[in-house]
Amino acid sequence: MMGKRWTPEEEAYLRENWKLPMEELSKTLCRSEISIHQKAGKLGMYRKKWTQEQLDYLQENYGKYSIPALAKNLGKTVNAIKVMRQRLGLGAFLMNGEYISLNQLLLAVSGGSSTYSYKMISWVQNRGLPVHTKKVENCTFRVVYLEEFWEWAEKNRSFLDFSKMEPLALGEEPPWVAEQRKKDINAFRLQRKDPWTPAEDSRLIMLLKMHKYGYAELSEMLHRSAGAIQRRCTDLGIKERPVKADNHSAEAKWTDEDFKILADGIRSGASYTEIGRKIGKSEKAIRGKVYFVYLTENADKVRAMIGDQPWGSGAPVPTVKQAVHLSRTRTETKAVLEQLAGVLYHRTLELKKVDYDHYFQRAMCMNWDDLHSCCAAGCEDCDACIEFIRIQPQYCVRCGVTSFERTENRVCAPCRAARKRQGFRKYSYLNSRKGA
């Protein structure tokens, strides 16, 4: 221990075993490494000096390998690596290498890491940011390789906001980053994202009461997106709404040049507002056209689908649910669904080998199954059926009307629908009052 005198036996053991690792000497002699180094210096014994080759190796690989691995490769102790690290000014372990910690990345890109858990879901799980795990001594860190990050960032350039990121905050940047930063700064100038002020609310109400401005004009005057204006109207409980755009005039029609500008804007990472100003349309119209073709408003996903091809290339095939709501596929899809329903119905009759259509009394029987178009009692001839149970009348406690249903209900179907509408109106009213 420190302060304890060295015995001749200890000095002899130190001379004979000086080449052993320092950890083993410290454990055998029950002395600290500092005490052993001091005694060895008095006895004229020194470890091998660092060669220039070893110094170069340490500077090149510090941060790539763990400190114990560096010590093993260089034939040095862990303490010697730490001492030389300080002398060379290499800094913290995670700050040296081709990667940085995930927390440092979030701080550099978004200006803060207060929403760390949200970004783990949004960035890592949903959008696939490549994250690795590094262990430094007894601590484990999430790290991101800068080369992988820039590849991921280029695919998600519309999702990230490079206006919050200081230039060269992560070292050398790809050529496209500077251009995208300018576009993001310009997008913030066109559309503010900070909280609404009372003065802005008053101006919004005043402009809406004039009944002559649409979303495009309001967005340009207030420097807010169409979605932000629509949400603010709901939060404030404003009854007036922006004037609807005329989508049937000759000026409202989309031209080939408009589609070319739209495709080039998405490829270059421009915002929907900026693209809309070039075309002369509102941001809402741009978003609607993008979803109409590519079934998503996510510009990064659309960029991956369109590639270097003209507008409309790589568009996905809509699902049945999407096709029913799209104007370009609604009529055809409904016709196909009707045909499919007819085929399934006749196929069911073939499998059952019973045609119940001419039995009118099935609609009054409790055993009839509307979903599967069959008799739950297993009867194949309703005229000779002895399992017939007539549907009993029920009386609505809300309106008093007599109804006939197979399931027991104290409220008739129209009153149940009215209750749902009443609940929706109450929910909307209470939430609008909270926003105000």
Asks: Who passes ring pair (Phe, Tyr, Trp, His ring centres under 6.0 Å) against Tyr294, sequence neighbours left out?
Replies: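 So Tyr294 forms a ring pair (Phe, Tyr, Trp, His ring centres under 6.0 Å) with Trp311.
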
Asks: Please answer whether the main-chain N or O of Asn103 pairs with a side-chain N or O of Lys119 as donor and acceptor at a distance below 3.5 Å.
Replies: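 No, because the side chain of Lys119 does not come within donor-acceptor range (under 3.5 Å) of the backbone of Asn103.
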
Asks: When you compare the side chain of Cys412 with that of Cys399, does any pair of heavy atoms fall below 4.5 Å?
Replies: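 Side chain of Cys399 against side chain of Cys412, heavy atoms only: contact under 4.5 Å found.
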
Asks: Flag yes if more than 12 heavy atoms outside Arg231 fall under 6.0 Å of its CZ atom; otherwise flag no.
Replies: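 Open: at most 12 neighbouring heavy atoms sit under 6.0 Å from CZ of Arg231.
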
Asks: Excluding sequence neighbours, so at least two apart, what forms side chain to side chain contact (heavy atoms under 4.5 Å, CB included) with Glu148?
Replies: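 If we apply the side chain to side chain contact (heavy atoms under 4.5 Å, CB included) test to Glu148, skipping adjacent residues, the hits are Pro130, His132, Tyr145.
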
Asks: Kindly write out the residues that satisfy side chain to side chain donor-acceptor pair (under 3.5 Å) with Arg181, not counting sequence neighbours, or none if the list is empty.
Replies: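 Listed in chain order: Glu173.
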
Asks: For Leu25, does its backbone N or O pair with a side-chain atom of Thr28 as donor and acceptor, under 3.5 Å?
Replies: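 Checked: no pair found.
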
Asks: With a 4.0 Å cut-off, would you call Arg192 and Glu200 a salt bridge?
Replies: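 Judged by the 4.0 Å cut-off on N to carboxylate O distance, Arg192 and Glu200 do form a salt bridge.
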
Asks: Check whether any side-chain heavy atom of Val131 lies under 4.5 Å from a side-chain heavy atom of Val143, and answer yes or no.
Replies: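 No. Closest side-chain heavy atoms not under 4.5 Å.
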
Asks: Within the 4.5 Å heavy-atom criterion, are Pro318 and Leu326 side-chain neighbours or not?
Replies: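 The answer is yes, as the side chains (C-beta and beyond) meet within the 4.5 Å cut-off.
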
Asks: For Arg419, does the CZ atom sit with more than 12 other heavy atoms under 6.0 Å from it, leaving out its own atoms?
Replies: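 Result for CZ/Arg419: open.
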
Asks: Whether the side chain of Asn367 engages the backbone of Ala377 through a donor-acceptor N/O pair (distance < 3.5 Å, no angle test) should be reported.
Replies: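 Not at all, since once roles are kept as given, no pair shorter than 3.5 Å links the two residues.
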
Asks: Roughly how far, to the nearest 0.5 Å, is the SG atom of Cys382 from the CD atom of Glu380?
Replies: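 SG of Cys382 is found 10.5 Å from CD of Glu380.
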
Asks: Could you tell me the separation between the CG atom of Asn186 and the OG atom of Ser271, rounded to the nearest 0.5 Å?
Replies: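 Interatomic distance, Asn186 CG to Ser271 OG, rounded to 0.5 Å: 7.0 Å.
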
Asks: Mind checking ring pair (Phe, Tyr, Trp, His ring centres under 6.0 Å) for Trp152 and listing every partner two or more places apart, or none if nothing turns up?
Replies: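 Once residues adjacent in sequence are excluded, the partners of Trp152 under the ring pair (Phe, Tyr, Trp, His ring centres under 6.0 Å) criterion are Trp123.
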
Asks: Taking atom types as modelled, is there a side-chain donor on Asn409 or Thr407 under 3.5 Å from an acceptor on the other?
Replies: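 Yes, a side-chain donor-acceptor pair sits under 3.5 Å.
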
Asks: Are more than 12 heavy atoms, taken from residues, nucleotides or ligands other than Asn126, located less than 6.0 Å from that residue's CG atom?
Replies: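 Result for CG/Asn126: enclosed.
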
Asks: For a side chain to side chain contact (heavy atoms under 4.5 Å, CB included) check, start with the C-alpha distance between Gln322 and Thr319, then their side-chain angles and the critical distance, and finish with the verdict.
Replies: CA-CA 5 Å; Gln322 292 170 332; Thr319 62; 3.3 Å; yes

Asks: Carefully, step by step, assess Asp370 and Arg406 under the rule salt bridge (charged side-chain N to carboxylate O under 4.0 Å, His left out).
Replies: CA-CA 10 Å; Asp370 287 322; Arg406 291 185 174 86; 3.0 Å; yes

Asks: Side-chain contact test, heavy atoms from C-beta onward, threshold under 4.5 Å: evaluate it for Asp264 versus Arg267 and give yes or no.
Replies: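 Asp264 vs Arg267: side chains touch.
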
Asks: Quick one: list whatever passes side chain to side chain donor-acceptor pair (under 3.5 Å) with Asp201, sequence neighbours left out.
Replies: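 For Asp201, the residues satisfying side chain to side chain donor-acceptor pair (under 3.5 Å) (neighbours in sequence not counted) are Arg232.
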
Asks: Using atom types as modelled and distance alone, determine if a side-chain donor or acceptor of Arg362 lies under 3.5 Å from a backbone N or O of Tyr359.
Replies: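 At least one qualifying donor-acceptor pair exists.
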
Asks: Suppose we call two aromatic rings close when their centres sit under 6.0 Å apart. Are Phe388 and Trp368 close by that rule?
Replies: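 Aromatic pair excluded; centres sit 6.0 Å or further apart.
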
Asks: Under the salt bridge (charged side-chain N to carboxylate O under 4.0 Å, His left out) criterion, do Lys209 and Glu240 qualify, and how do the steps go?
Replies: CA-CA 7 Å; Lys209 288 184 177 180; Glu240 292 80 4; 5.6 Å; no

Asks: My understanding is that only residues two or more places apart in sequence, or in another chain, count here; which of them pass side chain to side chain contact (heavy atoms under 4.5 Å, CB included) with Val397?
Replies: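 Per chain and number, Val397 pairs via side chain to side chain contact (heavy atoms under 4.5 Å, CB included) with Arg410, Val411.
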
Asks: For Ser163 and Lys182, what are the C-alpha separation, side-chain angles and deciding distance, and is it a side-chain hydrogen bond (donor to acceptor under 3.5 Å, both in side chains)?
Replies: CA-CA 7 Å; Ser163 63; Lys182 292 180 181 178; over 6 Å; no

Asks: Any idea which heavy atoms bring Ala226 and Lys284 closest together, and the distance?
Replies: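 Answer, listing the atom of Ala226 first, then Lys284: CB-CB, 4.2 Å.
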
Asks: Is there a side-chain contact between Met165 and Val177 (heavy atoms, below 4.5 Å)?
Replies: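 No, too far: nothing below the 4.5 Å cut-off.
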
Asks: Grab the two heavy atoms, one from Ser158 and one from Arg303, that are nearest each other, plus how far apart they are.
Replies: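 Residues Ser158 and Arg303, closest heavy atoms: OG-NH2, 2.6 Å.
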
Asks: Sequence neighbours excluded, which residues qualify as side chain to side chain donor-acceptor pair (under 3.5 Å) partners of Ser122?
Replies: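 Ser122 satisfies side chain to side chain donor-acceptor pair (under 3.5 Å) with Arg127 once adjacent residues are dropped.
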
Asks: Indicate the atoms forming the closest heavy-atom contact of Ile286 with Gly276, along with that distance.
Replies: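 Result for this residue pair: CG1-CA, 3.8 Å.
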
Asks: Any Lys/Arg nitrogen of Glu405 or Arg416 sitting under 4.0 Å from an Asp/Glu carboxylate oxygen of the other?
Replies: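 Looking at Arg416 together with Glu405, the answer is yes, because their closest N to O distance falls below 4.0 Å.
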
Asks: Got more than 12 heavy atoms from elsewhere within 6.0 Å of CG, Asp256?
Replies: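 No.
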
Asks: Could you tell me whether Lys289 atom NZ has more than 12 heavy atoms of other residues or ligands within 6.0 Å of it?
Replies: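 Counting neighbours around NZ of Lys289, more than 12 heavy atoms of other residues, nucleotides or ligands fall under 6.0 Å, so yes.
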
Asks: Give a yes or no on whether a salt bridge exists between Asp194 and Arg224, defined as a side-chain N under 4.0 angstrom from a carboxylate O.
Replies: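 Arg224 and Asp194: salt-bridged.
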
Asks: Distance under 6.0 Å and angle within 45° of the ring axis: does Arg157 meet both against Phe162?
Replies: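 Relative to the ring axis of Phe162, which defines the angle, Arg157 lies outside at least one limit.
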
Asks: What's the verdict on side-chain hydrogen bond (donor to acceptor under 3.5 Å, both in side chains) for Arg142 and Ser101, showing C-alpha distance, side-chain angles and the deciding distance?
Replies: CA-CA 6 Å; Arg142 291 190 179 100; Ser101 68; over 6 Å; no

Asks: Just so I know, are the side chains of Asp161 and Ser110 near enough to count as touching, which here means a heavy-atom distance under 4.5 Å?
Replies: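 SC-SC contact between Asp161 and Ser110 ruled out.
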
Asks: Just how far is it from atom CD of Glu217 to atom OG of Ser282, taken to the nearest 0.5 Å?
Replies: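 Result: 8.5 Å between the selected atoms.
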
Asks: Is there a donor-acceptor contact under 3.5 Å from the side chain of Gln392 to the main chain of Arg390?
Replies: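 Present.
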
Asks: So, taking the atom named CG in Leu337 and the one named CD in Glu332, what distance separates them when rounded to the nearest 0.5 Å?
Replies: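 Atom-to-atom, Leu337:CG and Glu332:CD are 10.5 Å apart.
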
Asks: Once side chain to side chain contact (heavy atoms under 4.5 Å, CB included) is applied, do any residues pair with Glu147, and if so which ones, sequence neighbours excluded?
Replies: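 Expected list: Glu151.
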
Asks: Restricting to pairs with a member in residues 189-234, which pass ring pair (Phe, Tyr, Trp, His ring centres under 6.0 Å), not counting sequence neighbours?
Replies: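 Listed once each, the pairs would be none.
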
Asks: What pairs with Trp150 under ring pair (Phe, Tyr, Trp, His ring centres under 6.0 Å), at least two apart in sequence or on another chain?
Replies: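 Trp150 satisfies ring pair (Phe, Tyr, Trp, His ring centres under 6.0 Å) with no other residue.
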
Asks: For Thr255, which residues count as a side chain to side chain donor-acceptor pair (under 3.5 Å) partner, sequence neighbours excluded?
Replies: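 Scan of Thr255 (side chain to side chain donor-acceptor pair (under 3.5 Å), adjacent residues dropped) gives Asp258.
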
Asks: Just jot down the ring pair (Phe, Tyr, Trp, His ring centres under 6.0 Å) partners of Phe404, sequence neighbours excluded, or say none.
Replies: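 With neighbours one apart ignored, the set is empty.
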
Asks: Going from CD1 on Ile185 to CD on Gln180, what distance comes out if it is rounded to the nearest 0.5 angstrom?
Replies: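 CD of Gln180 is found 10.5 Å from CD1 of Ile185.
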
Asks: For a 4.5 angstrom cut-off between non-hydrogen side-chain atoms, does Asn298 reach Val290?
Replies: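 Contact flag for Asn298/Val290 side chains = no.
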
Asks: Would one find more than 12 heavy atoms of other residues, nucleotides or ligands at under 6.0 Å from atom CD of Glu166?
Replies: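 Not more than 12 within 6.0 Å, no.
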
Asks: Side chain of Ser219, backbone of Ala216: donor and acceptor closer than 3.5 Å?
Replies: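 Not a single qualifying donor-acceptor pair exists.
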
Asks: Ion pair present between Glu338 and Lys334, side-chain N to carboxylate O less than 4.0 angstrom?
Replies: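 Salt bridge between Glu338 and Lys334, a charged N being under 4.0 Å from a carboxylate O: no.
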
Asks: Is there a side-chain contact between Glu24 and Lys27, using heavy atoms and a 4.5 Å cut-off?
Replies: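 No; the side chains remain at least 4.5 Å from each other.
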
Asks: Determine yes or no for a side-chain-to-main-chain donor-acceptor pair under 3.5 angstrom, with Ser26 supplying the side chain and Arg31 the backbone.
Replies: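 Yes, because the side chain of Ser26 sits within donor-acceptor range (under 3.5 Å) of the backbone of Arg31.
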
